[in-house]
Amino acid sequence: MTSHVTSSQLNAAEIALSGGIAGFATRFAISPLDVVKIRLQVQPSLQAHRNLLPSIPTKHALKYSSIGQTFKTIIAEEGLRGLFKGNVSAQYLYITYGASQFYVYHHVDSFLNRLQFYPSFKPFVSGLLAGGIATAMTYPFDLLRTRFALQGNNKVYRSIPHAVSDIYEKEGIRGFYRGLGSSIVQIMPYMGLMFYTYEGLCTLTKTIAGKNMIRDDYKRLNDMTCGALAGIVSKTGVFPLDLVRKRLQVQGPHINNYVITSIPDYAHHNSLIGCMKKIVRTEGVWALYKGLTPGLLKAGPSGAVYFLVFEWSKDCLIAIKKSGFQIIPEDSFLKY
């Protein structure tokens, strides 16, 4: 199966540039939903509050009770800027992650082609490896994004340099990688599913277009639809792992200083399995899906914008190259 992500007319660095541009655009589109999702994810359920934090009155237990109420509370307490908490570190994350992910995907896809790997599973394996490597490369930005998103008016970190300095001083280098294991376990199947679904849907729409059932001038709409469905399918499949990742990321000396003061402590359950077991034991199985609705509301538009801008960027770069201008020299690193 021919890849719809890579292009014979673009080298790996140009594919990476398209991914970075897509990441930049996507972050602006989904920032408010991302902040809401994170706050709902790290907040314990009412049952867990009664078990773990009996000293705090129940009426003060749940700061956020629904998507709408969360939006209203953030705006009332922090203003509209509160919906963009952590946006700077998140922009660094989305740009570097998008670029590194598509760079790795290009090379893995080329390598698997040389091995004559099973075409149907190639997108899943390429996405899986690209997601895992990109996550490891950009993880500190992800951790900073999560912690900034949980800050209220009483800031734990005044700026990114202050956050980096504070984490290094109080938690060491390992502090920047809290929850990395669970993140990689979550992101690998997530990106595998996303690229597998996206490539499959693109093949389907191309087949339908070939039978004149849809028009070719609907390409941008097709890109958005395929990206949105790929985002929703992949997010649903791995959401519990995403929730565990967020809770592990905010562990540390400032756990009680965030806008949500009742975040459970997983000091003795700081592994993926240990954290998941404690959540199920204290909050029930459905607690693993806290924040799923805003997560899906974010995943659909995020996937749509991500792949729409990525495909648009690719087409722009191809058009520029056809005009005789070489944007980025052919790279030789990992060239197959």
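As the structure is a computational prediction, the values presented were derived from the model and not from experiment. Quick note: numbers below take in every heavy atom, side chains included, and nothing from hydrogens, waters or symmetry partners. Start at 1 with the first residue, then count along the sequence.
Between Lys122 and Glu199, no side-chain nitrogen of the basic residue sits less than 4.0 Å from a carboxylate oxygen of the acidic one, so the salt-bridge criterion is not met. A salt bridge links Glu171 with Arg178: at least one charged nitrogen is closer than 4.0 Å to a carboxylate oxygen. Remark: Arg247 engages Glu283 in a salt bridge, criterion side-chain N to carboxylate O under 4.0 Å. Ion pairing between Asp315 and Arg220 holds under the 4.0 Å rule for side-chain N and carboxylate O.
Note: Phe124 and Tyr196 have perpendicular aromatic rings, judged against thresholds of 30 and 60 degrees for the angle between ring planes. Between Phe307 and Phe310, the angle of the ring planes goes over 60°, which puts this pair in the perpendicular group of the 30/60° scheme.
Looking at Lys206 and Thr203, their side chains never come closer than 4.5 Å, going by heavy atoms from C-beta outward. Two residues are said to be in side-chain contact when any heavy atoms from C-beta on lie closer than 4.5 Å; Leu288 and Met276 meet this criterion. Side-chain contact between Met191 and Thr135 is absent, with no heavy-atom pair separated by less than 4.5 Å. Two residues are said to be in side-chain contact when any heavy atoms from C-beta on lie closer than 4.5 Å; Val36 and Lys298 fail this criterion. The side-chain heavy atoms of Ile30 and Val305, taken from C-beta on, include no pair separated by under 4.5 Å.
You'll find the ring centres of Phe28 and Tyr94 outside the 6.0 Å limit. The distance between the ring centers of His106 and Phe102 does not fall below 6.0 angstrom.
Judged by distance alone, the side chain of Lys314 and the main-chain N or O of Ser7 form no donor-acceptor pair under 3.5 Å. Within the 3.5 Å criterion, the main-chain N or O of Gly300 finds no donor-acceptor partner in the side chain of Lys235. Using a distance-only test at 3.5 Å, with no hydrogens or angles considered, no donor-acceptor pair links the side chain of Thr73 to the main chain of Thr70.
Residue His107 forms a ring pair (Phe, Tyr, Trp, His ring centres under 6.0 Å) with just one option from Tyr103, Tyr105, Phe111, and that option is Tyr103.
Environment of OH in Tyr92: sparse, with no more than 12 heavy atoms of neighbouring residues, nucleotides or ligands closer than 6.0 Å.
Side chains of Glu169 and Ser165: a donor-acceptor N/O pair is absent below 3.5 angstrom, by distance only. Side chain to side chain, Ser31 and Arg27 meet the donor-acceptor criterion of an N or O pair below 3.5 Å.
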